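Okay, so here's the structure we're looking at.
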Amino acid sequence: MDILAALNPAQRRAVETLDGPMLILAGPGSGKTRVIAHRIANLVLEGGVPPYRVLAVTFTNKASREMRDRVEGLLGDTVGDITIGTFHSVCARFLRRDGDKLGIDRSFTIYDDDDQIRLIKAVLEANNIEPRQFSPRSVLSVISRAKNELIDASGFAKRSGNYFDEVVARAYRGYEAALAEAHALDFDDLLGQTVNLFRELPDVRQRYADRYLHVLIDEFQDTNLAQYTLARQVASVHGNICVVGDPDQSIYSWRSADIRNITNFERDFPDCQVVLLEENYRSTQTILDVAHAVISEHPGRRRTTRMNTNRGQGSPVVGFEAYDGGEEAAFVIREIRRLQREKGYGFNDFAVMYRTNAQSRAMEEALVEARPRIPYRLVGGTRFYERREVKDILAYLRLVHNPFDSVSLLRVINLPARGIGDRSIEELQRWSRGLGVPAYTGLQLLRDWREGEVSVDSPPSFASRSLAALLGFLDLLNRLIERGAAVSTYELIEEISRATDYRRHLQSSFDDSDERWDNVEELKNVAAQYAELTPDAALGSFLEEIALVSDADTIDNRSDAVTLITLHAAKGLEYANVFMVGLEEGILPHIRSFDSTAQMEEERRLCYVGLTRAREHLFLLRAVRRVRHGMSSANPPSRYWKDIPPTSWISAGARSRSRTSVLAHESMPRSNGGALPAGTIQP
DNA sequence: CGCCGTACGGTTTTT
DNA sequence: CCGTACGGCG
């Protein structure tokens, strides 16, 4: 197969140049995924690089899978040897292998943000920090940012200036100690501890850097300092590092992504080749013009060239000003049916994009009621693994794998209710803290103390009934740990359900217990996929997969359905027809960004990302009034509305003309182009 | 001391 | 509209 055929000159250069650092600045729809896949194939075929010596990092696990498929298509089976994954999954792999040299338990548990918040809360309480003044979430976000900038607790303490920072510094120390005690790493640790590993053990770094002859990174504009540092460490021997990014699509600075990594790359690798991919193969010229009109209002934007396409002018971009959310959804449904009827699209060709997950509900309700049916898939939203019953069972599983995981222990210690109340839990924590041990060890010492095998200066003050309940829980846990070594994860879930009488617990606590029990059954089915591994390995892989693979990664395109997705999650995806809903001040741009210019610029880029997902038809929608938690309020149109050139508009107007026509005239430029086909706008 | 019912508050984006 | 916090009851 000729890897270079059917590539334009810029793409060809990006694929052909085999050695040295390379910076590819690629606009939307420029085929960057394709270029990376072809570059990997060319390295193997022309450069003679063994696949196992290639490291390719993508932004999501889904992108990893797609990359693997593409390369496989070009190379065949040898692709299996390439390391492809997100930074987080690649780091987890490195740390499972070599983390012990840094004192990290091989069975470490990965804490998600829910776990982090619970832990921070406990730390704040233990330090007598007033949670009203220092909310766990705000404290955590400062700590998380510090970690992503590779500032540890003592580094943070040194540079802390004001009172808030001093309190956070204390919390940071306590949080790190609590994580270590729980044998847990949070998401940021996966990156930070790998950087530490490579820093503190040069021979380990050398081993990885020797191995990876080529490093490729997609979505480079959304990497943070820890990720960039890690990439440089791995590329430190061979210097073959190829990064692909688009500053205009940088939308994750709130997760510590730093656009300066791109300028620093040119500084750190002065001999790097810069390749610009500015030909667009995705969208019509009309869609690109609208996107360009929005992004060109971005202050301090670096790249000023305009993307061009060979896909022709295409249909006008349609703006629709609905009276309320219901009318907005009705328009989406009408247009889906019209386009299906006239152009023969499948449901898979449509996506509805919004700023916040909460906006999906109104759309879902409308779609559920639509007749004939419109199937849809919701990306994100209330995720399966975030459901309470699933998290409960997972907490038991995590305890079996790592009983020092105190967050999980405290989650299920009285679940189902077994007579261990707040008072007992508090006393257990006081007792454990006094001994300097995790809660699990504290429980064991409690049992030893009761049997007279341990004597202490200040004995714990438990009611005898509470003490019995606590030790009963310890027995249960130890029994499950014993079983965990013997049976499959599938069977372990069954034994947990049985031992805790979990189904009855659901029945007595929830009206929708059947549905919740189905979710437990579904979790068992996921676990069944690990049947061929040994019990311990199976449980470990199962838990890691759940921690690192988000639901957005599991979207299957096999069923034919309309996609409901946030603008963030839509990054890297494309659809023939895109509806961007809720283009209102306060939603996009989001009200929480109003007080910072940097955040406001990011909102604009987010809008740009959405606009450029569309291949053929793009619909921009807003509602004049919208119901938000019970109250209906009027929202002015998004500021991006007015940046869009009048020539590409069709003002669809609102169903209730008398109520909205004045507003429509004021806020929307009238089109001089055609009109929507008759019937689409009528009630 | 634990459990259950009611009132109230809070609501971006995600590996 | 969902989860939490608090207060009264067993």
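Residue numbers start from 1 in every chain, and the chains themselves are labelled A, B, ... in the order their sequence lines are given, proteins ahead of strands. In this text the structure is predicted, and so the values were computed from the model without any measurement.
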Worksheet item: Out of curiosity, Glu149(A) CD to Thr229(A) OG1, how far, rounded to the nearest 0.5 Å?
Response: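 One gets 10.5 Å once the value is rounded to the nearest 0.5 Å.
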Worksheet item: How far does CD1 of Ile565(A) sit from CE of Met353(A), to the nearest 0.5 angstrom?
Response: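 Atom-to-atom, Ile565(A):CD1 and Met353(A):CE are 6.0 Å apart.
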Counting side-chain heavy atoms from CB outward, which of [options] is closest to [X]?
X	options	answer
Thr60(A)	dT12(B), dC1(B), dT15(B)	dT15(B)
Ala569(A)	dT13(B), dT14(B), dC3(B)	dT14(B)
Thr356(A)	dT13(B), dC1(B), dT15(B)	dT13(B)

Using OP1 and OP2 only, check whether a side-chain N or O of [X] sits under 4.0 Å from [N].
X	N	value
Arg361(A)	dC2(C)	yes
Arg423(A)	dC1(B)	yes
Thr566(A)	dT14(B)	yes
Arg592(A)	dT12(B)	yes
Asn357(A)	dT13(B)	yes

Just how far, in rounded Å, is [atom2] of [N] from [atom1] of [X]?
X	N	atom1	atom2	result
Lys121(A)	dA5(C)	NZ	C1'	11 Å
Tyr385(A)	dT15(B)	OH	C1'	15 Å
His568(A)	dT13(B)	NE2	P	9 Å
Met353(A)	dT14(B)	CE	C1'	17 Å
Arg411(A)	dT4(C)	CZ	P	9 Å
Tyr354(A)	dT12(B)	OH	P	15 Å
Leu230(A)	dT15(B)	CG	P	19 Å
Lys147(A)	dT15(B)	NZ	P	18 Å

Worksheet item: Going through the distances and angles, do Lys32(A) and Asp246(A) end up as a salt bridge (charged side-chain N to carboxylate O under 4.0 Å, His left out)?
Response: CA-CA 10 Å; Lys32(A) 56 183 167 162; Asp246(A) 181 0; over 6 Å; no
Worksheet entry | Heavy-atom pair with the smallest gap, counting every atom of Arg96(A) and Phe108(A) |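 Heavy atoms only, the tightest pair is NH1-O, 3.1 Å.
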Worksheet item: Hey, is Trp254(A) doing a stacking thing with dT13(B), by the 5.5 Å centroid and 30° angle criteria?
Response: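 Stacking between Trp254(A) and dT13(B): present.
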Worksheet item: Given that Ile251(A) and Gly419(A) both sit by DNA chain B, which one's nearest nucleotide is further toward the 5' end?
Response: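 Counting from the 5' end, the first nearest nucleotide belongs to Gly419(A).
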Fill in: 5' precedence on DNA chain B between Ile425(A) and Ser593(A) (nearest-nucleotide basis)
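Here Ile425(A) is the residue nearer the 5' end.
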Item to complete: Taking the six-membered ring for Trp and the full ring for Phe, Tyr or His, determine whether the centres of Tyr252(A) and Phe59(A) are under 6.0 Å apart.
Response: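 Yes.
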Classify the nucleic acid contact of [X] as base, sugar-phosphate or nothing, counting any heavy atom under 4.0 Å across all strands shown.
X	value
Ser466(A)	sugar-phosphate
Asn414(A)	sugar-phosphate
Glu427(A)	nothing
Phe87(A)	nothing

Practice prompt. Assign each of Glu365(A) and Arg388(A) to its nearest nucleotide of DNA chain C by heavy atoms, then name whichever residue's nucleotide is nearer the 5' end.
Written response: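 Closer to the 5' end of DNA chain C: Glu365(A).
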Worksheet item: Hey, are Arg605(A) and Glu602(A) close enough for a salt bridge, meaning a charged N less than 4.0 Å from a carboxylate O?
Response: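 Result for this pair is yes, salt bridge flagged.
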Worksheet item: Hey, is the side chain of His88(A) pairing donor to acceptor with the base of dT15(B) inside 3.5 Å?
Response: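 Yes, the side chain and the base share a sub-3.5 Å donor-acceptor pair.
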